[in-house]
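Quantities reported herein were computed from a predicted structural model and do not represent experimental measurements.
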Amino acid sequence: MRELKGPLNYMITCVLVACACFHLYTAIAGVFVTVVQRSVHLAFMLPLCFLYYPATAKSPKDRPSYYDWFFILLSLAAEVFVVVDHERIYTRMEHFDPLLNSELILGTVAILLVVEATRRCVSRALAVIVFSSILYMLFGHLEIFGPFRHPSIEYQRVVEQLFLLGSEGIHGSVTGVSATYVFLFVMFGAFLIYTSVGNYIIELASAMFGRSEGGPAKVAVVSSALFGSISGSGPANVYATGSFTIPLMKRMGYSPSFAGGVEAASSTGGQYMPPVMGAAAFIIAETTGTPYFEVCKQAAVSAILYYFAIFCMVHLEAKKRGLKGLDRAEIKSGSYLLRNCFLIVPIVVILVMIMNHYTPFLAGFVGICTTFLLSFANPDRSKHLSPRRLIGALAEGSRSAVMIAVACASVGIVSAAVINTGIGLALTSMVSDIAKQSIYLAPIVTMIICMMMGMGVPCVPAYVVTAVIALPILNKLGFSGLGPHLFILYYAVIASVTPPVAVSAYAGASIAGANPLKTSIDASRVAFVGFIVPFMFLFNPGLLLQGELSSIITTVAMTTVLVFVGAIVLTGYFGKTLNWAVRSGLSVGCLALMYFIVV
């Protein structure tokens with residue numbers, strides 16, 4: 001991102017604070033009508049993208065270029081037009097009334113600007129997918145597309161679908177989630193950072209596990225699980241906690257690639273950990289009509305099992321190598337932790353509100369207010385949210401929301417393309433043919449699709465894009481409820497550490513000074529046992545806390561044993577180094593236990 005300075009920085013800070021105030025106001029007074037709320041949201045986010053994210057490596061790093069200002073004005077004009085003209089947009093007959101020339105021109109501009117914004121601040125891979133989706137809508141009726149041909153769609157209908165409608169496209173339901181729940185929780189994360197809650201989480205994890213074998217690795221696992229859920233970004237979590245844990249792991253004897261891999265795998269899993277789940281939980285709740293607490297509850301066991309798998313791996317690896325923990329002097333005292341325990345009260349408040357079925361919108365707002373008030377209870381006056389620091393927190397929250405907002409707008413385009421062209425039905429038919437051979441093959445194909453779509457793409461857009469394609473497949477095979485959604489999200493998240501494109505592993509490698517590919521391989525090995533968990537909860541809802549209590553307890557217990565034994569097989573250690581015969585026998589036992597759980 002650019003580092004803006006001088007008068008321009010002060011001016012943009014005012015814009016960022018205004019953006020934060022708009023979203024906080026709607027949390028109190030209620031959101032505006034759908035298209036207005038989403039358009040105002042993007043009227044802030046898209047210009048900020050062009051301000052902060054340069055077009056190329058040669059672009060100015062301290063100021064926007066001339067064409068950036070041009071893009072800023074165009075994106076602002078397109079969104080302001082929708083706000084001003086929203087009454088006509090609501091009263092016009094969709095797919096019947098022709099578009100005005102102004103709507104056609106500004107709609108085309110807005111669509112192309114979203115693609116460019118995606119390329120700059122989300123990922124080039126997603127930008128290619130989005131642009132390909134647009135081309136497919138326009139030219140997918142040609143014979144070269146073979147079995148994936150669709151009926152011809154007029155250009156103005158494409159623009160209408162992607163720009164004016166509130167169901168899909170730029171202003172679709174996914175952008176609606178970004179403009180409400182997601183923004184507030186991103187802001188909440190910024191407030192926590194400004195009040196040093198992230199540091200306290202690391203200090204607490206160090207006190208709990210720092211002195212045990214391989215302590216720094218366990219600190220990375222626990223702190224990343226707690227902090228990663230709130231941060232909503234695997235790479236951001238790697239930099240936030242890894243800058244502390246990775247050097248410690250290297251100092252204690254872990255190889256650079258393994259240290260980076262542990263942090264990458266741990267940080268990535270935070271996007272699946274309740275209560276925030278990298279913001280994807282809000283989208284699942286919104287699209288399925290399921291209470292937000294229910295989404296978190298059903299994801300909880302599989303998220304804990306993922307971290308339990310990583311914890312077992314680092315513990316056994318530490319025992320195998322004879323690695324020690326941290327010195328007592330490096331760990332904060334119990335009295336210090338007790339004096340500062342108020343720092344985690346905002347997180348507890350949000351958890352309690354969600355458990356009592358308050359809306360996440362309200363929970364996020366109350367969490368922000370609680371964080372603000374409790375900052376003044378900190379004996380360290382430098383952590384108080386004084387006016388200057390409050391402005392900094394508001395600005396940082398708005399700035400951090402830009403990438404997610406752009407990603408949500410772009411995946412709305414992909415969603416519209418899949419729905420309006422019928423390609424989802426074609427893919428469903430193909431995978432259904434595979435499922436006729438075996439019901440277990442279809443989820444494997446779906447897993448591969450999820451991981452391919454998630455490579456180099458952040459959690460939220462990876463889930464949405466993949467869900468549009470893969471969800472109908474799983475539903476047609478008889479999998480219903482939240483299980484298919486969580487299955488897709490789980491693998492979309494894990495794609496951040498699997499080679500060849502593993503953005504979280506690359507972030508860990510940059511801190512550790514390790515080879516990126518080797519780091520991604522180590523990260524995949526550390527998280528490998530966790531890869532099997534979604535298959536089990538897809539076939540056995542006991543892991544989603546569904547069914548009779550006795551069945552749930554039995555399923556969770558057996559899966560816990562399976563994860564632990566799997567970690568033993570992968571590390572080749574349990575009290576002593578195991579030979580291949582023992583490891584092979586344990587592998588057979590794991591497969592048998594997995595089959596018993598699934599069937």
Side-chain angles (χ1 to χ4, degrees), residues 23 26-27 30-31 34 37-38 41 166-168 171-189 228-232 270-303 347 349-368 401 404-405 407-409 411-412 415 450 458-468 470-472 474-475 479-493 534 537-538 541 543-546:
H23 289 86
T26 58
V31 298
T34 300
Q37 178 78 19
R38 298 170 188 179
H41 177 65
S167 52
E168 301 100 25
H171 302 108
S173 58
V174 181
T175 299
V177 176
S178 170
T180 51
Y181 311 127
V182 174
F183 188 95
L184 281 186
F185 273 83
V186 170
M187 184 63 64
F188 175 60
S229 176
I230 299 165
S231 73
Q271 298 170 98
Y272 186 82
M273 174 64 75
V276 181
M277 297 175 65
F282 304 122
I283 296 175
I284 294 175
E286 184 78 10
T287 55
T288 62
T290 306
Y292 179 73
F293 173 69
E294 185 65 23
V295 177
C296 293
K297 184 185 80 172
Q298 292 197 31
V301 172
S302 50
I347 300 176
V349 167
I350 282 184
L351 286 172
V352 170
M353 291 188 69
I354 290 174
M355 291 176 65
N356 284 277
H357 304 287
Y358 287 94
T359 65
F361 204 33
L362 179 60
F365 178 75
V366 172
I368 291 171
I404 295 179
C408 288
V411 298
S415 175
C450 293
C459 166
V460 171
Y463 160 73
V464 176
V465 172
T466 311
V468 170
L471 197 58
L474 294 174
N475 288 338
F479 301 108
S480 58
L482 293 179
H485 290 271
L486 296 177
F487 181 90
I488 293 167
L489 174 60
Y490 197 108
Y491 285 116
V493 167
F537 71 60
L538 192 63
L543 291 175
L544 301 177
L545 301 180
Q546 302 292 296

S.K.: Once ring-ring contact (aromatic ring centres under 6.0 Å, His included) is applied, do any residues pair with Phe479, and if so which ones, sequence neighbours excluded?
M.R.: Phe539

S.K.: Does Phe537 have any ring-ring contact (aromatic ring centres under 6.0 Å, His included) partners at least two apart in sequence or in another chain, and if so, which?
M.R.: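 ring-ring contact (aromatic ring centres under 6.0 Å, His included) check on Phe537 returns nothing, list empty.
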
S.K.: If the condition is ring-ring contact (aromatic ring centres under 6.0 Å, His included), which residues does His23 pass it with, not counting sequence neighbours?
M.R.: His41, Phe183

S.K.: Does any part of the side chain of Ile350, heavy atoms only, come nearer than 4.5 Å to the side chain of Phe188, both counted from C-beta?
M.R.: yes

S.K.: When rounded to the nearest 0.5 angstrom, what is the spacing between CG in Leu362 and CE in Met353?
M.R.: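 Leu362 atom CG to Met353 atom CE measures 4.0 Å (nearest 0.5 Å).
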
S.K.: Rounded to the nearest 0.5 Å, how far apart are NZ of Lys297 and CG of Leu544?
M.R.: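 The CG atom of Leu544 is 10.0 Å from NZ of Lys297, to the nearest 0.5 Å.
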
S.K.: How close do Ala303 and Pro274 get, counting heavy atoms only, and between which atoms?
M.R.: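 Result for this residue pair: CB-CD, 3.9 Å.
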
S.K.: Would you say the side chain of Val177 lies within less than 4.5 Å of the side chain of Cys408, judging by non-hydrogen atoms?
M.R.: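 A side-chain contact under 4.5 Å is absent here.
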
S.K.: Determine whether the aromatic ring centres of residues Phe185 and Phe282 are separated by less than 6.0 angstrom.
M.R.: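 Ring-ring flag for Phe282/Phe185: true, centres closer than 6.0 Å.
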
S.K.: Which heavy atom of Leu474 sits nearest to which heavy atom of Pro484, and what is that distance?
M.R.: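 So the two residues come closest at CD1-CB, 3.8 Å.
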
S.K.: How long is the gap from OG1 on Thr288 to CG on Leu471, to the nearest 0.5 Å?
M.R.: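 Thr288 OG1 to Leu471 CG: 9.5 Å, rounded to 0.5 Å.
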
S.K.: What are the two closest heavy atoms between Arg38 and Ser173, and how far apart are they?
M.R.: NH1-N, 3.6 Å

S.K.: In Å, rounded to the nearest 0.5 Å, how long is the span from OH of Tyr272 to OH of Tyr463?
M.R.: 11.0 Å

S.K.: How close do Ser415 and Glu168 get, counting heavy atoms only, and between which atoms?
M.R.: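 Ser415 and Glu168 have their closest heavy atoms at OG-CG, 4.0 Å.
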
S.K.: Nearest 0.5 Å, what's the CD1-CZ distance between Ile354 and Phe293?
M.R.: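 Reported to 0.5 Å precision, the distance equals 9.0 Å.
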
S.K.: If you round to the nearest 0.5 Å, how far is OG1 of Thr175 from CD1 of Ile283?
M.R.: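 Reported value, rounded in 0.5 Å steps: 9.0 Å.
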
S.K.: Looking only at heavy atoms, which two atoms of Ala285 and Tyr292 are closest? And how far apart?
M.R.: CB-CA, 4.0 Å

S.K.: Can you name the nearest heavy-atom pair linking Ala401 to Val186, along with the distance?
M.R.: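 Here Ala401 and Val186 meet closest at N-CG1, 3.8 Å.
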
S.K.: Is there side-chain contact between Ile284 and Leu482, with heavy atoms separated by less than 4.5 Å?
M.R.: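 Yes, at least one pair of side-chain atoms sits under 4.5 Å.
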
S.K.: Do Thr26 and Phe361 come close enough that some side-chain heavy atom pair is under 4.5 Å?
M.R.: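 In short, these two side chains touch, coming nearer than 4.5 Å.
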
